[in-house]
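Accompanying notes for the structure given below.
Below, read A as the first sequence line, B as the second, and so on, with proteins coming before strands; counting in each chain starts at 1. Predicted model only: the values in this text are computed from it and were never measured.
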Number of protein chains: 2
Amino acid sequence: MAAKRSGAQNKQFQQTSVRLQPVQEASREPLLSRERIVATAVELLDAQGIGGLTMRRLADRLGSGVMSLYWHVDNKEDVFDLALDAVLEYRGPPQTIEPQDWRGEVVHMLEDWRASMLRHPWSASLLPRRALGPNILSRLELLSKTLSRAGVADAELNAAIWSLWNYVMGATITRASFDLSDDERATAQLRLTRLSERYPTIERSRLLLDNDWDGAFRKGLDFLLDGLAPRQ
Amino acid sequence: MAAKRSGAQNKQFQQTSVRLQPVQEASREPLLSRERIVATAVELLDAQGIGGLTMRRLADRLGSGVMSLYWHVDNKEDVFDLALDAVLEYRGPPQTIEPQDWRGEVVHMLEDWRASMLRHPWSASLLPRRALGPNILSRLELLSKTLSRAGVADAELNAAIWSLWNYVMGATITRASFDLSDDERATAQLRLTRLSERYPTIERSRLLLDNDWDGAFRKGLDFLLDGLAPRQ
DNA sequence: GATTGACTCGTACGTCGTACGGTGTAATGG
DNA sequence: CCATTACACCGTACGACGTACGAGTCAATC
């Protein structure tokens with residue numbers, strides 16, 4: 001009859017009620033935990049893509065019954081949200097960046113963000129449709145603070161933040177989806193070649209095959225930053 | 001025993017074999033057709049979102065059995081591809097734009113593209129993971145030709161096209177996902193307010209609530225174009 | 001010894017995409 | 001005129017999915 005825990009998680013260790021018998025430890029470790037579930041979900045998503053995450057498969061990997069997951073997690077959407085945020089943590093800029101170099105800080109954070117999503121290609125397409133977790137909010141907060149410090153007026157701050165967000169998301173989603181299916185892309189280019197009388201220009205430039213994604217990303221980002229805030 | 005039609009569609013009217021008895025028409029019109037299926041799929045997607053499209057629901061709306069769809073369509077992914085491309089047709093710039101105004105042409109096509117996707121909010125998030133249909137390829141071809149005409153070097157053409165693509169896709173996917181759930185967004189901002197000690201800057205600027213999306217889109221696009229090609 | 005709460009799980013239901021094979025009808029051609 | 005063929009349609013059934021429901025186990029507490 002246990003009333004299912006609603007949303008908020010146990011946090012069994014927040015009250016530092018002194019555990020008696022600290023000696024025997026193996027007995028009372030619960031098999032499942034939010035952390036273990038999320039970590040395994042990320043593994044599964046990395047290995048099998050977005051369609052590969054299944055409550056049954058997840059439980060299998062964890063060696064538990066399917067319904068046991070629901071004690072720790074509200075539903076599958078919850079798992080997605082948690083996995084997504086887990087992948088978006090930011091540890092801050094390296095020490096090599098001067099504190100007054102706002103542009104370097106912004107670029108580092110955004111490139112790190114993009115790299116994190118490309119390491120987990122399912123995450124990019126997921127981010128726009130899910131609620132914003134704490135880690136992505138921290139990134140936005142940092143972005144906001146840094147731009148403000150760089151002299152962007154309050155009235156233009158939101159527009160600047162969303163412009164950068166949009167650019168990073170668009171670039172990363174596109175890039176990630178191209179990674180997913182190298183052969184599909186080749187097939188598409190082949191189909192394109194067959195129709196080259198209809199699309200001669202993009203066929204000639206091998207649009208679907210040749211692109212320096214990283215360089216193009218950095219270049220467009222620079223253009224955007226040039227426009228959004230005065231060059232230092 | 002009919003060998004299921006593979007991929008390519010009937011095109012029963014391509015051979016202009018003269019139909020006898022043009023008088024009685026009602027008898028020989030097939031109930032289903034690719035066009036009717038696609039049109040109804042778009043209706044369903046517009047009304048119920050991406051999760052609302054179901055082969056069963058689609059068949060219901062069309063007054064047919066579920067499996068009848070599969071005569072005209074390979075599978076559900078096929079339906080998605082067709083619906084997506086159906087929504088992305090481009091009719092070209094209005095006459096008010098001078099032929100030598102390459103920038104006006106590009107901006108018009110990109111804004112029209114964005115508007116088309118926002119009219120069908122499911123389309124934006126679908127586009128990156130699906131194959132490129134003829135209509136989106138036409139848009140890319142036009143973009144490529146116009147930029148080339150504007151003086152963008154061949155070596156930089158692909159990077160320029162993808163930069164614009166990325167920007168448009170990012171802006172539109174984000175915008176569309178925000179449209180989907182006005183209340184979710186308000187809830188998020190509320191949750192944010194409760195945590196305002198952690199995210200003071202974005203809370204103060206009401207990042208999740210206040211933004212001039214259309215203006216910001218246009219502004220960022222201008223910055224990008226400024227960088228990609230010389231101002232006229 | 002009884003109660004409570006934390007945690008685990010099996011069964012079952014409704015929904016989904018679609019493989020398989022059958023039905024009916026118009027066109028064909030002998 | 002009948003047999004064959006191709007087209008268009010559809011019912012049944014299967015395996016997979018998310019998850020509601022309620023029952024089980026076990027340690028801590030009263």
Side-chain angles (χ1 to χ4, degrees), chain A residues 1-6 8-15 17-37 41 44 48-60 62-81, chain B residues 1-6 8-15 17-37 41 44 48-60 62-81:
Chain A
M1 236 161 257
K4 169 83 82 52
R5 176 166 33 234
S6 70
Q9 172 59 356
N10 195 355
K11 292 163 182 166
Q12 53 196 140
F13 293 93
Q14 81 179 11
Q15 304 214 50
S17 65
V18 238
R19 291 259 174 184
L20 302 188
Q21 313 108 317
V23 186
Q24 61 189 51
E25 62 279 355
S27 80
R28 241 345 41 205
E29 293 303 307
L31 213 161
L32 256 31
S33 73
R34 232 166 206 255
E35 291 72 26
R36 231 163 75 73
I37 291 176
L44 217 54
Q48 319 236 32
I50 217 156
L53 178 60
T54 282
M55 297 306 269
R56 283 173 234 258
R57 269 208 272 271
L58 190 49
D60 267 5
L62 288 160
S64 79
V66 195
M67 294 315 290
S68 308
L69 301 174
Y70 287 88
W71 176 258
H72 304 269
V73 142
D74 284 348
N75 47 43
K76 197 186 178 185
E77 291 209 336
D78 201 13
V79 178
F80 273 129
D81 287 349
Chain B
M1 234 160 263
K4 168 84 82 53
R5 175 164 36 231
S6 71
Q9 170 60 357
N10 194 353
K11 291 164 183 169
Q12 54 195 140
F13 293 93
Q14 79 180 13
Q15 304 215 48
S17 65
V18 238
R19 292 258 175 184
L20 301 187
Q21 312 109 316
V23 185
Q24 63 189 52
E25 63 278 355
S27 80
R28 232 5 18 220
E29 293 302 306
L31 213 161
L32 256 33
S33 73
R34 232 164 204 255
E35 291 72 25
R36 231 163 77 72
I37 291 176
L44 217 54
Q48 319 236 32
I50 217 155
L53 179 59
T54 281
M55 297 306 269
R56 282 174 234 258
R57 269 209 271 272
L58 191 50
D60 267 5
L62 289 161
S64 79
V66 196
M67 293 315 289
S68 308
L69 300 174
Y70 287 89
W71 177 258
H72 303 269
V73 144
D74 284 347
N75 47 42
K76 196 186 179 186
E77 292 208 336
D78 200 13
V79 178
F80 274 129
D81 286 349

(request) Report the distance from atom CG of B:N75 to atom C1' of C:dC16, rounded to the nearest whole Å. (result) 14 Å
(request) Could you tell me the separation between the CD1 atom of A:I37 and the P atom of C:dC7, rounded to a whole number of Å? (result) 11 Å
(request) Of all the heavy-atom pairs spanning B:H72 and B:R34, show the shortest one and how long it is. (result) O-NE, 3.2 Å
(message) For a quick test of reading the model: is some side-chain N or O of A:H72 closer than 4.0 Å to OP1 or OP2 of C:dT8?
(response) yes
(request) For residues A:A41 and A:L58, report the shortest heavy-atom separation together with the two atoms involved. (result) N-CD1, 3.6 Å
(request) Please report the shortest heavy-atom distance between A:K76 and A:L53, naming the atom on each side. (result) NZ-O, 3.0 Å
(request) Give the rounded distance in Å between these two atoms: CG of A:L58 and C1' of C:dC9. (result) 15 Å
(message) As an exercise, state the distance from CG of A:L31 to OG of A:S64, rounded to the nearest 0.5 Å.
(response) 7.0 Å
(request) Of all the heavy-atom pairs spanning B:Y70 and B:N75, show the shortest one and how long it is. (result) CE2-CA, 3.9 Å
(request) Looking only at non-hydrogen atoms, find the nearest pair between A:R36 and A:L62 and report the distance. (result) NH2-O, 3.2 Å
(message) Output the rounded distance in Å from NZ (A:K76) to P (C:dC16).
(response) 15 Å
(request) Look at the side-chain N and O atoms of A:W71 and state whether any lies under 4.0 Å from the OP1 or OP2 oxygen of C:dT8. (result) no
Distances under 3.5 Å only, N/O to N/O: pair up the protein atoms with those of nucleotides 10-13 of chain D.
from   : atom 1 : to    : atom 2 : distance (Å)
D:dC10 : OP2    : B:G65 : N      : 3.0
D:dC10 : OP2    : B:S68 : OG     : 2.9

(request) Whole angstrom is fine here: how far is it from CG in B:L53 over to C1' in C:dC16? (result) 12 Å
(request) Would you mind reading off the distance between A:M55 atom CE and C:dC9 atom P, rounded to a whole angstrom? (result) 14 Å
(request) Take atom CZ of B:R57 and atom P of C:dT18, then tell me their distance rounded to the nearest Å. (result) 16 Å
(message) Whole angstroms only, please: what is the CG-P distance between A:L62 and C:dC9?
(response) 10 Å
